[in-house]
S.K.: 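Have a look at this one.
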Amino acid sequence: MSQTRVVLDEKHISKAKEIIEQTGINTYSQLFTILLVNYGDTLVKSLRGSNE
């Protein structure tokens, strides 16, 4: 399995920490993966302005 690193801008770290503390997610990598899998399609539709 290959890996790709994601760089989190410092201004967003406090929000990520808050989410991790409130949800029990263990790492920033897990957080990103969960957000990507669960909300990725919604994000694409939202950014494209699709109401489907």
Side-chain angles (χ1 to χ4, degrees):
M1 174 172 73
S2 70
Q3 296 181 347
T4 302
R5 298 210 180 264
V6 174
V7 177
L8 181 60
D9 191 307
E10 190 173 332
K11 67 184 175 186
H12 301 299
I13 291 175
S14 62
K15 185 62 168 180
K17 283 183 181 179
E18 179 184 334
I19 293 169
I20 285 172
E21 290 171 2
Q22 291 182 13
T23 62
I25 294 169
N26 294 314
T27 65
Y28 294 120
S29 293
Q30 273 187 336
L31 173 60
F32 182 80
T33 300
I34 290 168
L35 292 172
L36 182 67
V37 170
N38 289 310
Y39 302 105
D41 292 338
T42 302
L43 175 63
V44 169
K45 288 178 184 176
S46 176
L47 291 175
R48 288 186 174 176
S50 176
N51 293 326
E52 297 176 21

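Both backbone and side-chain heavy atoms feed into the values below; hydrogens, waters and symmetry mates do not. What you see is a predicted model, and the numbers here were worked out from it, not measured in a lab.
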S.K.: Among all residues two or more places apart in sequence or in another chain, which pass the salt bridge (charged side-chain N to carboxylate O under 4.0 Å, His left out) test with E21?
M.R.: none
S.K.: Please examine the side chains of I13 and E10, heavy atoms only from C-beta on, and report whether any two atoms are closer than 4.5 Å.
M.R.: yes
S.K.: About how many Å separate CG of L8 and OG of S29, when rounded to the nearest 0.5 Å?
M.R.: 10.5 Å
S.K.: My understanding is that only residues two or more places apart in sequence, or in another chain, count here; which of them pass side chain to side chain contact (heavy atoms under 4.5 Å, CB included) with I34?
M.R.: I25, N38
S.K.: Can you list everything that forms a salt bridge (charged side-chain N to carboxylate O under 4.0 Å, His left out) with K11? Sequence neighbours excluded, please.
M.R.: none
S.K.: Mind checking what makes side chain to side chain contact (heavy atoms under 4.5 Å, CB included) contact with T42, not counting sequence neighbours?
M.R.: none
S.K.: Can you confirm whether L35 sits close enough to L31 that some side-chain heavy atom of one is under 4.5 Å from a side-chain heavy atom of the other?
M.R.: yes
S.K.: Could you identify which residues cluster with F32, counting Ile, Leu, Val, Met, Phe, Trp and Tyr as linked when any side-chain heavy atoms lie under 4.5 Å apart, either directly or through a chain of such contacts?
M.R.: V6, L36
S.K.: Could you give the distance from OG1 (T33) to CD (Q30), rounded to the nearest 0.5 Å?
M.R.: 7.5 Å
S.K.: Who are the side chain to side chain contact (heavy atoms under 4.5 Å, CB included) partners of L43, not counting sequence neighbours?
M.R.: L47
S.K.: Under the side chain to side chain contact (heavy atoms under 4.5 Å, CB included) test, which residues partner E18, sequence neighbours left out?
M.R.: K15, Q22
